[in-house]
Asks: 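Sending over a structure as structure tokens; questions will come in a sec.
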Amino acid sequence: MEEPKSYPSLSISAENDALIAHLEPSTGEQPIDATQLQQLLADRQLDALELNATSVDRLICAAQHNQSFSLDLLSEPAAGFELKISDDKMSVTAESKSDSPQSYLSVAELKAQLLALGVDATLILEDALTSFVKDLKPTVVAQGRPAINGEPTQFEPCFSIDRDLGPAIDEADIAHYYDTKQYVTVEIGAPLLRRIPPTAAADGITVMGKAIKAKPGKALQFKKLPGSIISETDENLLLAQIKGHPVLEPQGVRVDQTLELKNASLDSGSIHFDGSVQIHGDVLPQVCIVATGDLFVKGTVENAKLLAGHNIVIGGGVISEAAPDKDQPPKITTQISANGDVHAKFLNLTRISAGGSIFVQSYILHCDLRAEQTLVIGEKGGKGALIGGKSHVDHSVTANTLGSSAYIATEIECGTFPQHRQAIAALESVIAKRSDECRQLQNILEKIKDDPAPVVGELTINRRTRINKVIASIEASLVELTESLEAEQALGLIAQQAFVQAKKNLYPQVSVKLQDLPYLEQVERPGTKLTFKNGEIQIQ
């Protein structure tokens with residue numbers, strides 16, 4: 001059975017200009033409240049005095065502890081706590097000025113101080129106030145609500161996308177790309193892309209009651225691309241207009257019709273096709289294949305020219321002259337160009353330009369390579385060696401081995417941060433000039449409006465119309481320039497992280513130019529990574 005709670009006895013004494021209330025422990029069962037206090041003052045003929053509300057609250061709070069306690073009922077007591085508003089005005093933290101449990105703070109006193117600071121009453125945490133008064137530990141007692149920006153329009157593909165376009169390799173190191181994977185084809189009317197509208201924004205508020213405006217989600221439309229059409233019954237669904245190979249692009253899907261051939265040889269002649277091309281066998285010498293979509297070759301490519309608007313995937317390898325002249329430098333006779341990625345098992349005497357990345361499983365020998373993203377050699381357990389030739393890559397180079405034990409000269413250029421920095425400066429200059437032009441034209445319009453005796457006629461109206469059209473054109477161009485600047489700044493941040501890595505061996509005569517800084521390896525090294533930091537090449 002719970003024991004009855006004891007309450008202290010209360011006495012009042014007038015001393016000079018003070019009215020001292022004193023609590024003493026006792027076994028009393030009557031709690032001290034404001035009514036009892038007023039009665040005691042009336043008995044002493046002191047009820048006409050104006051008591052301090054905070055002192056009264058603190059006295060009643062102290063009475064709950066049944067300990068000795070004294071204070072002046074006429075004066076404002078020391079706060080005993082401190083309220084700290086965060087720099088972002090999103091929270092208020094209460095901290096005690098004393099570790100003594102006899103501070104006897106009250107929730108009412110604490111709440112009054114919060115309101116006096118201008119804190120929004122709806123953001124005060126009542127439970128936190130009670131906890132702080134009890135424990136005197138630093139506690140967040142008021143909390144603002146952050147603004148929640150709306151999410152932009154999202155696009156979800158409705159068809160299967162195989163992003164790993166490299167060939168599947170079995171235990172015997174043989175490529176079987178088409179035995180396990182097929183590129184996607186869709187029928188007429190098949191769903192391609194689902195558009196999810198932007199989410200609503202929720203405004204926030206600081207603890208001081210100031211509204212924080214949230215940004216609404218950006219609404220985006222489907223991009224009109226060949227081979228796709230918006231559904232007549234669902235404006236948020238994109239359908240295939242033709243049968244073919246779907247290619248996912250920003251805000252849309254392009255459907256390419258596909259051409260399939262057993263081999264690319266003299267019998268087929270050179271191929272120029274608006275869509276994707278699939279070669280089930282080999283690409284033989286002197287053949288040129290141009291495809292606006294993807295280009296898939298199951299076998300090997302020899303002394304040929306391949307161009308694709310998207311990815312090029314070669315299940316076998318790429319070779320050029322089988323027996324080059326010993327007295328002449330190696331001759332590159334195979335050329336490959338893709339706006340997307342290039343995948344191959346091996347490369348020999350090949351020139352490649354890739355708008356995406358280059359992935360090679362086994363080795364690259366005496367090639368001329370250019371990739372706007374990454375060069376990766378040695379995937380799926382391959383040898384992963386880059387020997388000789390020149391490689392220029394924007395973002396990173398990763399291989400098991402760079403160079404060879406024969407110390408063959410191998411050149412690597414990586415990183416485009418200097419170019420991005422120049423592009424950013426140029427865009428900022430153009431934006432500043434266009435913004436100034438817009439301000440000047442707006443000033444002219446204001447002068448026309450402020451003319452005390454304007455000549456309102458066809459000439460004045462036409463002049464205003466022309467100026468407004470020019471301003472609208474400049475503002476539209478500023479939007480595009482700003483988007484380009486933001487994209488360039490994002491690319492610049494990525495470019496700063498460029499690196500060259502040899503996971504197993506780095507040999508002498510491998511020259512690296514990283515962010516335009518040269519480095520020539522002169523000793524054999526185990527696994528090594530070259531990065532650019534603080535204007536210098538770092539060796540890890």
Side-chain angles (χ1 to χ4, degrees), residues 85-93 119-128 140-164 184 186 189-241 246-255 310 340 356 373 424 427 431 435 472 475-495 497:
I85 303 175
S86 63
D87 292 341
D88 59 3
K89 303 293 190 297
M90 293 302 292
S91 65
V92 180
T93 302
V119 175
D120 189 308
T122 63
L123 301 176
I124 296 175
L125 308 177
E126 299 286 349
D127 291 344
V140 174
V141 293
Q143 184 71 62
R145 294 192 300 272
I148 301 176
N149 294 329
E151 292 292 331
T153 300
Q154 301 292 320
F155 294 91
E156 289 186 355
C158 303
F159 57 92
S160 175
I161 300 176
D162 186 358
R163 297 188 181 279
D164 181 10
V184 178
V186 292
L192 296 176
L193 196 64
R194 167 67 63 179
R195 181 178 64 182
I196 302 174
T199 61
D203 292 342
I205 186 173
T206 69
V207 289
M208 312 306 290
K210 183 178 180 180
I212 306 173
K213 194 68 176 176
K215 296 180 180 179
K218 186 176 182 179
L220 301 174
Q221 303 300 319
F222 282 121
K223 186 176 180 180
K224 188 175 182 180
L225 295 170
S228 61
I229 189 172
I230 298 175
S231 169
E232 294 181 356
T233 59
D234 187 349
E235 64 178 7
N236 291 315
L237 183 63
L238 198 66
L239 304 176
Q241 195 173 24
V247 179
L248 184 64
E249 295 194 5
Q251 298 175 225
V253 176
R254 185 182 80 244
V255 181
H310 203 229
Q373 293 186 15
I424 290 170
L427 284 168
I431 289 173
S435 297
E475 289 175 341
S477 68
L478 282 173
V479 172
E480 295 179 359
L481 288 168
T482 301
E483 291 177 349
S484 298
L485 176 60
E486 292 173 350
E488 200 67 44
Q489 289 171 334
L491 291 173
L493 290 175
I494 296 173
Q497 302 172 5

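Keep in mind that the numbers below use all heavy atoms, side chains included, and drop hydrogens, waters and symmetry copies. In this chain, numbering begins with 1 at the start of the sequence shown. Please read all numbers here as calculations on a predicted model, not as lab measurements.
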Asks: How would you list, by chain and number, every residue that makes a salt bridge (charged side-chain N to carboxylate O under 4.0 Å, His left out) with K218, sequence neighbours excluded?
Replies: E483
Asks: Excluding sequence neighbours, so at least two apart, what forms side chain to side chain contact (heavy atoms under 4.5 Å, CB included) with Q251?
Replies: F155, L220, K223
Asks: Are side-chain heavy atoms of I124 and V92 found at a separation under 4.5 Å?
Replies: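 In short, these two side chains do not touch, never coming nearer than 4.5 Å.
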Asks: Tell me, please, which residues at least two apart from S231 pass side chain to side chain donor-acceptor pair (under 3.5 Å).
Replies: T233
Asks: Kindly write out the residues that satisfy side chain to side chain donor-acceptor pair (under 3.5 Å) with E126, not counting sequence neighbours, or none if the list is empty.
Replies: K111
Asks: Tell me, please, which residues at least two apart from P198 pass side chain to side chain contact (heavy atoms under 4.5 Å, CB included).
Replies: T153, A219
Asks: Would you say L125 and V141 make side-chain contact, with heavy atoms under 4.5 Å?
Replies: no
Asks: For V186 and A240, work out which heavy atoms get closest and say how close.
Replies: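 Taking V186 first and A240 second, the nearest heavy atoms are CG2-CB, 3.9 Å.
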Asks: Under the side chain to side chain donor-acceptor pair (under 3.5 Å) test, which residues partner N149, sequence neighbours left out?
Replies: none
Asks: Taking only residues two or more places apart in sequence or in another chain, which ones pass side chain to side chain contact (heavy atoms under 4.5 Å, CB included) with I230?
Replies: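 In terms of side chain to side chain contact (heavy atoms under 4.5 Å, CB included), with neighbours along the sequence ignored, I230 is linked to F222, L238.
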Asks: Which heavy atom of Q143 sits nearest a heavy atom of V140, and at what distance?
Replies: OE1-CG1, 3.6 Å
Asks: Please enumerate all residues that pass side chain to side chain donor-acceptor pair (under 3.5 Å) together with E249, with sequence neighbours excluded.
Replies: R254
Asks: Give me the atom names and distance for the closest heavy-atom approach of L478 to S435.
Replies: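 Looking at all heavy atoms of both residues, the shortest contact is CD2-OG, 3.7 Å.
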Asks: Working to the nearest 0.5 Å, report the span between CG of L192 and CD of Q241.
Replies: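 Those atoms lie 10.5 Å apart.
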Asks: Under the side chain to side chain contact (heavy atoms under 4.5 Å, CB included) test, which residues partner A147, sequence neighbours left out?
Replies: I212, A214
Asks: Does any pair with a residue in residues 191-217 pass side-chain hydrogen bond (donor to acceptor under 3.5 Å, both in side chains), and if so which ones, sequence neighbours excluded?
Replies: R194-D234, R195-Q221, R195-N236
Asks: Can you give me the closest heavy-atom contact between M90 and S86, atom names plus distance?
Replies: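 Looks like N-OG, 3.1 Å.
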Asks: In Å and rounded to the nearest 0.5 Å, what is the CD1 to CG distance from I205 to L123?
Replies: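 Here the interatomic distance stands at 5.0 Å.
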Asks: Less than 4.5 Å apart, side chain to side chain, heavy atoms only: is that true for L237 and C158?
Replies: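 In contact.
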Asks: Sequence neighbours left out, what pairs pass salt bridge (Lys or Arg N to Asp or Glu O under 4.0 Å) with at least one residue falling in residues 140-151?
Replies: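 For residues 140-151, and leaving out neighbouring residues, there are no salt bridge (Lys or Arg N to Asp or Glu O under 4.0 Å) pairs at all.
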